[in-house]
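Just so we're on the same page: letters track the sequence lines, and every chain starts at 1. For clarity, every value in this text was computed on a predicted model and none was experimentally measured. Quick note: numbers below take in every heavy atom, side chains included, and nothing from hydrogens, waters or symmetry partners.
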There are 2 protein chains.
Amino acid sequence: MKEKRTGRPREFDRDEALSAAMHVFWKQGYDGASMKDLTAAMNISGPSLYGVFGDKRQLFMEAIDFYANRKACKPLEVFETEPDIETAVRKFFYEVVEYSTMSISGAKGCFLSSCVATVSGELVGVEALLKRAIFDTDERLARRFELEKARGVLPDTFPSKIRARLMFDLRQGLVFRARAGIEPKYLLADIESNVGIILG
Amino acid sequence: MKEKRTGRPREFDRDEALSAAMHVFWKQGYDGASMKDLTAAMNISGPSLYGVFGDKRQLFMEAIDFYANRKACKPLEVFETEPDIETAVRKFFYEVVEYSTMSISGAKGCFLSSCVATVSGELVGVEALLKRAIFDTDERLARRFELEKARGVLPDTFPSKIRARLMFDLRQGLVFRARAGIEPKYLLADIESNVGIILG
DNA sequence: ATGGTTATATATCGATCGATACAAAACACG
DNA sequence: CGTGTTTTGTATCGATCGATATATAACCAT
């Protein structure tokens, strides 16, 4: 069903191009990223971009989906896979600092908060995607806490939803500081305190 | 020294125009705000804008200074003036929700995190202003806590710096959600929990 | 091979971008 | 008044914006 048999084959990988586009948006913002910047980073021509992704807005929306649902935010993945809950929380924040200050593309901060949020009310469809991404993140964080409660590691009284949101907010603080160019070492210094707040 | 005696007098108020420009940037982002949008909102002509503010980037930098050092972020003002510390913390978060969701200009979220941060690494000079604004905010928050410790209202062991940063981060979470279009009532529901975390 | 189909590269579209040239207008000072 | 100075409104600049028209190239089916 998804294989096309006719026509000239595409000469680039769709996801690679999408990832490249996302990083350009991440670094320069939606309006700050020109089609010239995008096609250069994606290593494709203008017509190829339009042929595959539609237009700039649709490309952006796909980049959001790519980030939220496929690229899988690294901190979140680590938090879900690390067995020990305290280590999981610690690694979560560590990954947040890592990916928001040391990205290869030079893009600092978080794609959602430093790029997508800016055009949330201006570009049709973006607000809904952003809302969903926030909701899903809260859900995934809370789910892990609930799992630990069921396992008896966290007390039954542990307020999973509240701590999940708290964790999300602390993350926002970190990525905002990262975007402002504050050195990783200062952000790393906050991590242990953050862990204590989440689990304490 | 600051009075000019010759030439045709300016027909608009500089600060009013600056405030109007800030709100346009706030809502549409730096790159998303065209000079046409700006002059329309400021109710002045193009040459007038360039004559008084230099160029778009300088206007933006002045808008940042206006926000950080003169307009005085409302939540911060309230936090510093309310006598009772618990009420001050509560009002701080309440004001954050208020001004990040119900702005007359339609701009949601926080000017610094939803607009300025996006171009932090792209526009010369912005990163330094942003760093300074973050540092100053942390300082002002911590200072109030220290004051309450000296007054004996907060215990000597109260970690002012850590709680100040925590308050800042919780604020980032709120304004990010606000920018995403999440209803004020959901944000208001988080306030009491936030107060408990800060002072508990 | 031939026809159908899709992707590519080149070249460029009209619109809008940020920024100015210019001259008339409005003040202070003589 | 006339002169100098600054702001204003109009009109427009070259550059860049997002987006396409066109023709060629590369594949599949027959």
Report task. Look at atom NZ of B:Lys91 and say whether more than 12 heavy atoms of other residues, nucleotides or ligands are closer to it than 6.0 Å. Result -> no

Just by distance, no angles: are the side chains of [X] and [Y] close enough, under 3.5 Å, to form a donor-acceptor pair?
X        : Y        : answer
B:Thr118 : A:Thr118 : yes
B:Ser193 : A:Arg165 : yes
B:Asp169 : A:Gln172 : no

Distance check needed: [N] [atom2] versus [X] [atom1], whole Å only.
X       : N      : atom1 : atom2 : result
B:Arg10 : C:dA26 : CZ    : P     : 17 Å
B:Met35 : C:dT20 : CE    : P     : 10 Å
B:Asp55 : D:dA15 : CG    : P     : 18 Å
B:Glu11 : C:dA25 : CD    : C1'   : 9 Å
A:Phe12 : C:dT6  : CZ    : P     : 15 Å
B:Arg57 : C:dA19 : CZ    : C1'   : 15 Å
A:Leu59 : D:dA19 : CG    : P     : 10 Å
A:Phe60 : D:dG18 : CZ    : P     : 13 Å

Below 3.5 Å is the cut-off: list the nitrogen or oxygen pairs between protein and nucleotides 3-5 of chain D, distance only.
| from | atom 1 | to | atom 2 | distance (Å) |
| --- | --- | --- | --- | --- |
| D:dT5 | O3' | B:Thr6 | OG1 | 3.2 |
| D:dT5 | O2 | B:Gly7 | N | 3.4 |

Report task. Taking A:Lys56 for its side chain and A:Tyr30 for its backbone only, find out whether a donor-acceptor pair lies under 3.5 Å. Result -> yes

Query raised in the report: Counting N and O atoms only, with roles assigned by atom type, does the side chain of A:Thr101 sit under 3.5 Å from a partner on the main chain of A:Val97, one being a donor and the other an acceptor?
Result: yes

Query raised in the report: Quick check, are the ring centers of B:Phe168 and B:Phe92 under 6.0 angstrom apart?
Result: no

Query - DNA chain C-proximal residues of residues 37-52 of chain B, any heavy atom under 4.0 Å - result: B:Pro47, B:Tyr50

**Report entry** Counterpart residues, salt bridge (Lys or Arg N to Asp or Glu O under 4.0 Å), relative to A:Arg132 (two or more places apart)
**Finding:** none

Query raised in the report: Of the options A:Phe111, A:Trp26, A:Phe93, A:Tyr94, which is the one that meets A:Tyr99 in a ring pair (Phe, Tyr, Trp, His ring centres under 6.0 Å)?
Result: A:Trp26

